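Structure record follows, encoded as structure tokens.
Every number for a ligand or one of its atoms is a count from 1 in the order of the listing. Small disclaimer: the values here were computed from a predicted structure and weren't measured.
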Amino acid sequence: MTAVSPIAWRADPEADLARVEKLLLSSTVNPDRVLSEISAHLVRAGGKRLRPAFALCTSMIDSPGPLSDDALRPAAVQAAVSVELVHLGSLYHDDVIDGAETRRGVETVNHRWGVLEAILAGDFLMARASELAAGLGTAMAELLASTIGWLCEGQVRELATLHDPGRSETEYLEAIASKTGALFATSCRMGGMAGGMSLEDLELVTEYGRLYGLAFQIVDDVLDLVATESELGKKTGTDLREGVFTLPVIRALESGGELRDLLSTDFDSGGAARARELILAGDGIDYAVDVAQAHIDAARRVIEPLPAGPAVEGLRTAAKELISTLPLTPA
Ligand code: GRG
């Protein structure tokens, strides 16, 4: 997925992200060579660094000279790295849950080193994220800890409806709000906190992040059905095969007798391919994109009261472009 970065307006966004990268990589270093190597594996593989970019962006909303290099405070970089480490740890665990073989265009840790190694390295990354947040004060540490809890809650909600053709749209939205929306919300909030934002404005950027995150996950779920493997850097069609019935599937199930029958059985890869065909033939994809767009519109509305400036414009543009930049035509 390509997405427009909320810090695209900065004089040198690459230089900002280089500061994130330096601290990110150094956070994976520890006395054990193997743990260091495994923990750095997905960091080195790349990724969009979207959550850190949101944290950097919101940290500069109230800044007096947001276009200068000085506008980026060390605390904002630390918050940005902390949220990316949580994201990384959750990817390690997610790949174990899915038995995934590739991620970010490289072999997953579970596939290359083993499941136990991936779980432990994921835990280690969470620990490092917690250390960084604690260094920013009790409020940040508490927020980060709660966020890790919300991610787990979202994942458990998802597991509870696996292979369930009766999964409702509400159940889906509640699960993704926790598993994805929460970390985008926290990224925006921690950035704002690092930038000394008022409590009132913190609430606005948090809600923006939550709504953006919901839209982001819906689009991610659509892409799992329509994009190619090289576009995603991982196998496509994973959700269906794993029995995760996402929004396009839930919508298609409302009118599809054959799809319901198929998904109610212990279907094989041929069944998954037929299910995908049935979903693409209906309005499930369009419907999901519309729901994502509604969340994007709401995200843009929520930040209207914030002081005008390039950082707020960056948030607006990132939201506006989320859907338009995606390869939404089925491969
Ligand atoms: C936090 C201990 C702990 C466990 C987490 C596994 C789990 C419980 C939660 C799953 C969270 C998860 C992986 C949600 C999916 C979020 C998502 C859309 C990931 C892809 O994000 P991108 O596209 O990835 O930003 P890159 O690679 O670009 O960073």
Side-chain angles (χ1 to χ4, degrees), residues 1-6 17 20-21 24 41-55 80-100 102-106 108-110 115 118-130 133 143-160 162 172 174-187 209-210 212-224 227 231-236 238-239 242 244 246-247 288 292 295 318 322-323 325-327:
M1 181 193 290
T2 50
V4 169
S5 169
L17 287 179
V20 168
E21 222 51 32
L24 194 54
H41 179 66
L42 275 194
V43 176
R44 294 189 200 283
K48 294 180 288 298
R49 307 288 189 254
L50 257 187
R51 296 153 188 83
F54 276 110
V81 173
S82 180
V83 294
E84 181 67 9
L85 286 168
V86 169
H87 173 54
L88 274 163
S90 79
L91 295 182
Y92 278 43
H93 286 190
D94 197 48
D95 288 338
V96 167
I97 293 170
D98 293 345
T102 50
R103 160 84 67 182
R104 291 181 169 174
V106 299
T108 56
V109 170
N110 45 294
V115 163
I119 293 171
L120 291 166
D123 292 344
F124 174 76
L125 293 167
M126 299 284 170
R128 281 287 152 98
S130 309
L143 175 58
L144 194 89
S146 299
T147 308
I148 295 173
W150 293 325
L151 260 62
C152 294
E153 191 188 314
Q155 188 63 31
V156 167
R157 277 174 190 264
E158 186 169 292
L159 294 179
L162 280 190
Y172 166 80
E174 281 173 1
I176 69 167
S178 301
K179 86 165 191 175
T180 308
L183 189 53
F184 277 101
T186 292
S187 303
R210 191 186 75 85
Y212 177 96
L214 277 160
F216 186 86
Q217 184 63 59
I218 295 169
V219 167
D220 196 65
D221 292 340
V222 167
L223 288 177
D224 190 57
E231 278 164 345
L232 290 194
K234 60 177 186 176
K235 281 218 164 73
T236 52
T238 310
D239 292 333
E242 298 295 317
V244 181
T246 57
L247 192 54
H295 284 86
L322 175 66
I323 292 168
T325 56
L326 297 168

closest protein heavy atom to atom 18 (C) of ligand 1 is Gln217 OE1, 3.3 Å
Under 3.5 Å, side chain of Ser178 to main-chain N/O of Leu151, donor-acceptor pair present?
-> no
Using heavy-atom distances, let me know which of Glu158, Met126, Arg49, His87 sits nearest atom 1 (C) of ligand 1.
-> Met126
4.0 Å heavy-atom contact, Arg51 with ligand 1 = yes
Sub-4.0 Å heavy-atom approach of Thr180 to ligand 1 | yes
For Ile148, take its heavy atoms, then give the atoms of ligand 1 lying under 4.0 Å from any of them.
-> 1 (C)
Side-chain donor/acceptor of Ser82 to backbone N/O of Ala129, under 3.5 Å | yes
Would you sort out whether Asp94 and Lys179 count as a salt bridge (charged side-chain N to carboxylate O under 4.0 Å, His left out), showing the intermediate values?
-> CA-CA 11 Å; Asp94 197 48; Lys179 86 165 191 175; 5.6 Å; no
Closest by any non-hydrogen atom to atom 11 (C) of ligand 1: pick that one out of Lys179, Arg104, Glu84.
-> Lys179
May I ask whether Cys152 places a heavy atom under 4.0 Å from ligand 1?
-> yes
Protein contact to atom 5 (C) of ligand 1 [nearest heavy atom, distance to 0.1 Å] | Ser90 CB, 3.9 Å
Without swapping roles, check the side chain of His93 against the backbone of Ile119 for a donor-acceptor pair under 3.5 Å.
-> yes
To which protein heavy atom is atom 4 (C) of ligand 1 closest, and what is the distance rounded to 0.1 Å?
-> His93 ND1, 3.7 Å
Side-chain donor or acceptor of Asp224 paired with backbone N/O of Thr238 under 3.5 Å = yes
What residue and heavy atom of the protein are closest to atom 23 (O) of ligand 1, and at what distance?
-> Lys48 NZ, 2.6 Å
Atom indices of ligand 1, in the order listed, that fall short of 4.0 Å to a heavy atom of Gly47 | 27 (O), 28 (O)
Purely on distance, is any nitrogen or oxygen of Asp220 under 3.5 Å from one on ligand 1?
-> no
May I ask you to decide whether Arg49 forms a salt bridge with Glu21, counting only side-chain N to carboxylate O separations under 4.0 Å?
-> yes
Backbone N/O of Gly181 and side chain of Arg210: donor-acceptor pair under 3.5 Å | no
For Asp221 and Tyr172, run side chain to side chain donor-acceptor pair (under 3.5 Å): C-alpha distance rounded to whole Å, both residues' side-chain angles, the deciding distance at 0.1 Å, then the answer.
-> CA-CA 11 Å; Asp221 292 340; Tyr172 166 80; 2.6 Å; yes
Specify whether Phe216 and Phe184 have parallel, tilted or perpendicular ring planes, treating 30° as the upper limit for parallel and 60° as the lower limit for perpendicular.
-> tilted
In the protein, what heavy atom is nearest to atom 10 (C) of ligand 1, and what distance, to one decimal place, separates them?
-> Gln155 OE1, 3.2 Å
